[in-house]
Novice: 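Structure provided below as structure tokens; questions to follow.
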Amino acid sequence: GDSVTQMEGPVTLSEEAFLTINCTYTATGYPSLFWYVQYPGEGLQLLLKATKADDKGSNKGFEATYRKETTSFHLEKGSVQVSDSAVYFCALSSEAGGFKTIFGAGTRLFVKA
Amino acid sequence: EAQVTQNPRYLITVTGKKLTVTCSQNMNHEYMSWYRQDPGLGLRQIYYSMNVEVTDKGDVPEGYKVSRKEKRNFPLILESPSPNQTSLYFCASNPFGRGLAETQYFGPGTRLLVL
């Protein structure tokens, strides 16, 4: 079945450091790919998404590119802030897989001042 | 304000005592879904619904029931809760205009403890 694998955390960075969180997937058909963010005590909210190969999603300085050849959707940010501390989830949705959404295990990010 | 609401936010119960967690959205979304979040496992889909009276199993449906009698509401029912259902539960909705390429909107979560 469909699956999402993302790097284990926690990831601890200093402010202004470069961030990469790896995400790879297996899926039937052509899934849409998402990054969601969860701040402490809150529900998830969409960070960015890409719906077809080579699309780049971007928001709030975060970027991720849909790479079909490597089945990856890695999240990057050039300069993190303390306010970026949260849990980040990679996810895919595929109608070929039965109208389900599959999430990765989540990666917790701590950013130190 | 466009939102997904869940009630209760926190619940402590005992094994075997039936409970319902309500979910409501005011965005006229077609698609609604329930997830549970457990440490190290991320979110796992329990059930989803693509429209009124249309529901289907996600990846972890055992021990749960749902119903979709109205478009805005999608309650999650635990007929006989067990300790392994202790978890953080999220309801989500999606306009589904472009299928699952649409963004999901999540409720604030319900933290359930089954003793």
Side-chain angles (χ1 to χ4, degrees), chain A residues 1-10 21 23-53 55 57 59 66 73 86-108, chain B residues 2-7 9-10 21 23-25 27 29-51 54-61 68 87-111:
Chain A
D2 295 353
S3 67
V4 174
T5 303
Q6 61 182 105
M7 62 188 287
E8 289 188 26
I21 300 178
C23 172
T24 57
Y25 68 91
T26 58
T28 307
Y30 303 95
S32 297
L33 301 175
F34 305 82
W35 277 101
Y36 284 88
V37 59
Q38 184 180 33
Y39 298 104
E42 298 184 9
L44 280 72
Q45 54 187 277
L46 179 73
L47 182 59
L48 53 85
K49 67 179 181 182
T51 58
K52 61 183 189 296
D55 269 2
N59 185 27
Y66 189 143
F73 193 55
V87 182
Y88 293 81
F89 292 93
C90 185
L92 71 83
S93 293
S94 170
E95 293 170 24
F99 293 97
K100 297 179 185 177
T101 301
I102 307 296
F103 283 81
T107 302
R108 185 175 294 276
Chain B
Q3 60 183 350
V4 178
T5 57
Q6 297 178 225
N7 283 291
R9 295 289 313 278
Y10 304 91
V21 183
C23 173
S24 183
Q25 50 95 3
M27 296 170 279
H29 286 172
E30 304 282 340
Y31 184 98
M32 297 185 74
S33 186
W34 275 103
Y35 299 88
R36 59 178 290 173
Q37 182 180 9
D38 301 289
L41 297 176
L43 275 76
R44 293 177 292 167
Q45 196 166 28
I46 303 171
Y47 270 95
Y48 62 92
S49 167
M50 289 191 285
N51 213 326
V54 180
T55 63
D56 210 342
K57 296 177 181 178
D59 288 327
V60 288
R68 187 93 181 272
S87 188
L88 178 58
Y89 291 87
F90 288 102
C91 180
S93 72
N94 172 335
F96 209 56
R98 291 184 298 129
L100 290 178
E102 300 282 0
T103 302
Q104 289 195 73
Y105 295 84
F106 284 81
T110 295
R111 190 169 290 281

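Chain naming here is simple, since letters A, B, ... match the order of the sequence lines and numbering starts at 1 in each.
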Novice: Grab the two heavy atoms, one from A:Ala105 and one from B:Gly40, that are nearest each other, plus how far apart they are.
Specialist: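 Nearest pair, atom of A:Ala105 first, then B:Gly40: CB-O, 3.4 Å.
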
Novice: What verdict does the side chain to side chain contact (heavy atoms under 4.5 Å, CB included) test give for B:Thr103 and A:Lys49, after you've listed the backbone C-alpha separation in whole Å, the side-chain angles of each residue and the deciding distance to 0.1 Å?
Specialist: CA-CA 8 Å; B:Thr103 302; A:Lys49 67 179 181 182; 3.6 Å; yes

Novice: Taking everything shown except A:Glu8 itself, do over 12 heavy atoms lie less than 6.0 Å from its CD?
Specialist: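 12 or below, so no.
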
Novice: Please check if the number of heavy atoms outside B:Arg111 that lie under 6.0 Å from its CZ is greater than 12.
Specialist: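 Not more than 12 within 6.0 Å, no.
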
Novice: Without swapping roles, check the side chain of B:Gln45 against the backbone of A:Thr101 for a donor-acceptor pair under 3.5 Å.
Specialist: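 Yes; at least one donor-acceptor contact below 3.5 Å.
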
Novice: What are the two closest heavy atoms between A:Phe89 and B:Gln37, and how far apart are they?
Specialist: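 Closest pair (atom of A:Phe89, atom of B:Gln37, distance): CZ-NE2, 3.3 Å.
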
Novice: Assess whether atom OH of A:Tyr39 is packed by more than 12 heavy atoms of other residues, nucleotides or ligands within 6.0 Å.
Specialist: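 Result for OH/A:Tyr39: enclosed.
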
Novice: Please lay out, stage by stage, how A:Ile102 and B:Asp59 fare under the test side chain to side chain contact (heavy atoms under 4.5 Å, CB included).
Specialist: CA-CA 9 Å; A:Ile102 307 296; B:Asp59 288 327; 3.2 Å; yes

Novice: Need one label for A:Gln38: side chain, backbone, both or neither, based on atoms under 4.5 Å from any heavy atom in chain B.
Specialist: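 For A:Gln38, the contact with chain B is made by the side chain alone.
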
Novice: Work out which heavy atom in A:Lys100 is nearest to a heavy atom in B:Tyr31; give both atom names and the distance.
Specialist: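 Smallest heavy-atom distance, with atoms named: CA-OH, 4.2 Å.
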
Novice: For each of A:Leu33, A:Leu44, A:Val4, tally heavy-atom pairs with chain B at distances under 4.5 Å, and name the one with the top tally.
Specialist: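 Highest number of heavy-atom pairs under 4.5 Å: A:Leu44.
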
Novice: Of the options B:Phe106, B:Tyr105, B:Phe90, which is the one that meets A:Tyr36 in a ring-ring contact (aromatic ring centres under 6.0 Å, His included)?
Specialist: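 Checked B:Phe106, B:Tyr105, B:Phe90 against A:Tyr36; only one passes ring-ring contact (aromatic ring centres under 6.0 Å, His included): B:Phe106.
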
Novice: If I measure from the heavy atoms of chain A, does B:Leu41 come under 4.5 Å with its side chain, its backbone, both, or neither?
Specialist: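 Backbone only.
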
